[in-house]
Amino acid sequence: MRRKRFTTLFSTAPFLFLAAGASDALASPAAARTASFLDGGRRVSAERLGPAALGAAGAALAPVRLHYPGGRTVQASVGATAIVEVEPGAEGALAAAGVEVVRPLMPSIGLWLVKDTSGGDGLDLAERLQGAARPAFLREAIPDLHVRLVARGAPFTPNDPRLPGQWYFDDLRMEEAWGRTRGDASTSIVVVDTGCDLDHPDLAAKMDPGRDVIDGDDDPTYKPGEDGVSHGTACAGLVAADTDNGVGIAGGCPACRVRCVRLLDEEPRPISQSVDAFEFALQVNASVVSNSWGYAEPMPVPRVVEDAINQLFDAGRDGKGALVLFAAGNDDREINDDELQAVRGVLTVGAVNHLEEQTSFTNRGSSIDLVAPTGTLSTDIAGREGDSPTDYTSLFGGTSSACPVAAGVAGLLVSAAPERTASELHDIMIRTARPAPYAVPDESGHDPIFGHGIIDPVAALRELLGDEPPPPPLEGDGEPGPDAAEQAGCACAAAGAPSGEQRGLTAAAILGLAAAVRRRRAARARRGG
């Protein structure tokens with residue numbers, strides 16, 4: 001597969017993963033114990049581990065262990081379906097090969113969900129189609145593997161009362177960026193996650209219709225009673241919470257619109273549903289797609305998922321392409337260069353803390369593109385489904401929270417220069433990143449922990465718009481006055497923050513103030529003062 005240039009990142013905050021799991025049908029009791037198939041040129045051996053059983057959705061799924069080149073193994077499940085990629089217009093010829101089309105996945109690149117008319121499971125079908133009698137029109141055939149997904153995360157000045165607690169926006173000089181653009185309602189950001197609280201007071205007015213690819217309907221509401229269901233709501237708030245409305249927090253792209261896609265729950269999910277999510281983003285002309293999830297077990301990205309992402313990156317947004325962001329992950333490990341984060345069309349985002357240091361959990365490697373600060377304060381599901389009793393949490397984190405912070409910035413850039421392609425904007429985000437203070441870059445400017453640096457919305461907008469932003473206001477010697485921290489704390493109290501959260505908000509405001517002091521001292525040093 002064609003790889004993108006690399007940088008690495010992952011975080012320790014909670015994040016959702018898709019993990020190896022299940023498919024739609026029963027494997028034949030007489031099926032061979034082993035089978036194999038080609039996935040993007042990789043020969044994958046599948047070892048059947050036992051008979052099929054009914055999954056949570058009522059489909060019969062058989063456990064398998066996948067053996068990839070290089071010694072990696074992944075647990076998965078297979079059912080009745082497979083995914084094929086055929087030459088354009090050739091889907092009608094599948095019947096002659098003993099294949100029944102279940103439904104289209106991404107017809108624009110020839111992806112179809114199919115099953116074997118003779119009753120074999122998806123693994124049998126993929127192996128048969130790739131055999132000696134392989135149809136000439138067939139490009140790819142792989143079983144619709146069910147794999148477990150996990151979320152990536154721990155979990156102008158707008159008048160939003162909790163803005164002082166959003167230290168991560170201060171660290172990125174977002175108020176200065178918002179002075180240049182606050183985004184545009186034509187810029188749609190799709191959040192692929194656990195679903196969202198569509199009635200949240202800081203999200204309801206920003207939501208456009210979404211999709212539940214698990215249940216196959218148009219209601220992407222989170223499913224009550226499952227662990228981690230607030231994850232998608234927190235991601236959506238960081239991307240584009242209703243801003244300057246006198247309520248709650250600000251969103252990274254204040255004027256952008258949001259669509260939620262429910263892809264993650266407690267069960268293993270078929271890879272066809274990932275393709276469904278990207279096809280939805282393609283059909284609604286999404287500008288940005290934020291993904292704070294990944295595979296629970298490190299595994300090569302299935303070719304069909306890679307192709308779907310690249311189609312979105314190349315042909316989305318009316319042919320200009322959509323920016324597709326993924327969280328690096330929170331496993332404190334190196335990402336292999338055949339994983340999801342290494343796909344050409346993916347911009348991989350790692351996490352730094354309030355001191356712009358490496359986090360203890362973020363993944364690393366050549367596929368890390370950028371890092372962003374963790375968005376610790378965000379929207380939440382009130383009550384027992386969320387992380388706090390209120391509509392907001394200060395406990396979000398990990399690369400799960402860094403990714404939507406960066407996705408909000410991406411929305412600003414698309415809004416400022418809608419004529420630019422996704423490829424151009426992808427490169428600008430990397431080229432204008434500011435150096436991470438603790439990075440040790442190689443000759444290409446890349447560090448395995450910090451990638452090409454910390455995302456810099458002001459520098460990116462400066463390049464896109466071709467103008468010079470005004471310098472930030474300074475007091476006296478160029479640093480905040482001695483009572484600034486106290487004022488920041490008072491701002492939280494005056495805004496009516498609940499007493500149980502006020503200390504956390506004040507601490508976050510002080511962290512943001514510390515970041516501002518560091519930046520201004522560095523700027524003064526560069527000026528020779």
Side-chain angles (χ1 to χ4, degrees), residues 16-26 52-61 76-83 101-107 111-115 122 143-151 188-200 203-204 207-236 258-284 286 289-296 302 304-305 308 312 381 385-386:
L16 296 176
F17 268 124
L18 284 177
S23 183
D24 304 51
L26 214 36
L54 291 180
L61 302 171
S77 299
V78 295
T81 54
I83 300 172
V101 173
V102 177
R103 61 184 174 86
L105 286 177
M106 192 174 276
L111 293 184
W112 302 81
L113 188 68
V114 300
K115 64 181 181 180
D144 188 14
L145 300 168
H146 286 236
V147 292
R148 189 165 304 281
L149 304 174
V150 297
S188 176
I189 302 178
V190 171
V191 175
V192 180
D193 213 279
T194 58
C196 297
D197 180 358
L198 305 185
D199 298 321
H200 192 285
L203 291 173
M207 287 287 182
D208 287 330
R211 183 72 180 161
D212 183 340
V213 299
I214 296 176
D215 293 338
D217 58 41
D218 296 329
D219 181 7
T221 302
Y222 69 92
K223 185 176 180 180
E226 294 183 348
D227 290 339
V229 293
S230 63
H231 194 270
T233 300
C235 290
V258 182
R259 296 180 189 266
C260 286
V261 174
R262 179 172 172 255
L263 171 66
L264 284 68
D265 65 4
E266 295 177 334
E267 297 296 323
R269 288 287 127 215
I271 57 177
S272 56
Q273 291 180 351
S274 301
V275 178
D276 287 336
F278 298 128
E279 171 68 1
F280 172 80
L282 187 68
Q283 292 301 319
V284 299
V289 185
S290 181
N291 301 271
S292 290
W293 58 270
Y295 299 114
V304 294
V305 175
L312 186 55
I381 301 171
E385 303 292 356

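Keep in mind that this is a model prediction, so the values were computed, not measured. Numbers here simply count residues along the sequence, with the first being 1.
Between Val191 and Val261, the closest side-chain pair of non-hydrogen atoms is not below 4.5 Å. Between Trp293 and Ser274 the shortest side-chain heavy-atom distance falls below 4.5 Å. Under the 4.5 Å side-chain criterion, counting only non-hydrogen atoms from C-beta, Asp276 is in contact with Arg103.
Residue Ser272 is tested with Asp144, Leu111, Thr81 for a side chain to side chain contact (heavy atoms under 4.5 Å, CB included); the sole match is Asp144.
To the nearest 0.5 Å, atoms OG (Ser292) and NE2 (His231) are separated by 5.5 Å. With rounding to the nearest 0.5 Å, the separation of OG1 in Thr221 from CG in Leu198 is 4.0 Å. Considering CZ of Arg269 and CG of Leu264, their distance stands at 9.0 Å, rounded to 0.5 Å. Rounded to the nearest 0.5 angstrom, Glu279 CD and Leu105 CG are separated by 8.0 Å. Taking CD1 of Ile381 as the start and OH of Tyr222 as the end, the distance is 4.5 Å to the nearest 0.5 Å. Taking CD1 of Ile271 as the reference point, atom CG of Leu113 lies at 9.5 Å (rounded to 0.5 Å).
With hydrogens and angles ignored, the 3.5 Å screen pairs a side-chain donor or acceptor of Glu266 with a backbone N or O of Asp227.
The nearest pair of heavy atoms linking Asp218 to Arg211 is OD1-NH1, 2.7 Å. Considering every non-hydrogen atom in both Ser188 and Arg259, the closest pair reads OG-NE, 3.6 Å. Summarising the geometry of Gly232 relative to Cys196, their closest heavy-atom pair is O-SG, 3.7 Å, with the distance given to 0.1 Å. Of all heavy-atom pairs between Val213 and Ala277, the closest is CG1-N, 3.9 Å. Here the closest non-hydrogen pair linking Pro107 and Pro104 is CG-CB, 3.6 Å. Ala236 approaches Cys260 most closely through the heavy-atom pair CB-SG, 4.3 Å.
Evaluation of the salt bridge (Lys or Arg N to Asp or Glu O under 4.0 Å) rule for Asp197 yields no partner, not counting sequence neighbours.
Salt bridge absent: Arg262 and Asp193 never bring a charged side-chain N and a carboxylate O closer than 4.0 Å.
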Notebook entry, point to check: What do the steps show when you test Asn291 against Phe278 for side chain to side chain contact (heavy atoms under 4.5 Å, CB included), and what is the final call?
Noted result: CA-CA 10 Å; Asn291 301 271; Phe278 298 128; 3.8 Å; yes
Check: Given Val258 and Leu203, is the side chain to side chain contact (heavy atoms under 4.5 Å, CB included) satisfied, shown in steps?
Finding: CA-CA 8 Å; Val258 182; Leu203 291 173; 5.6 Å; no
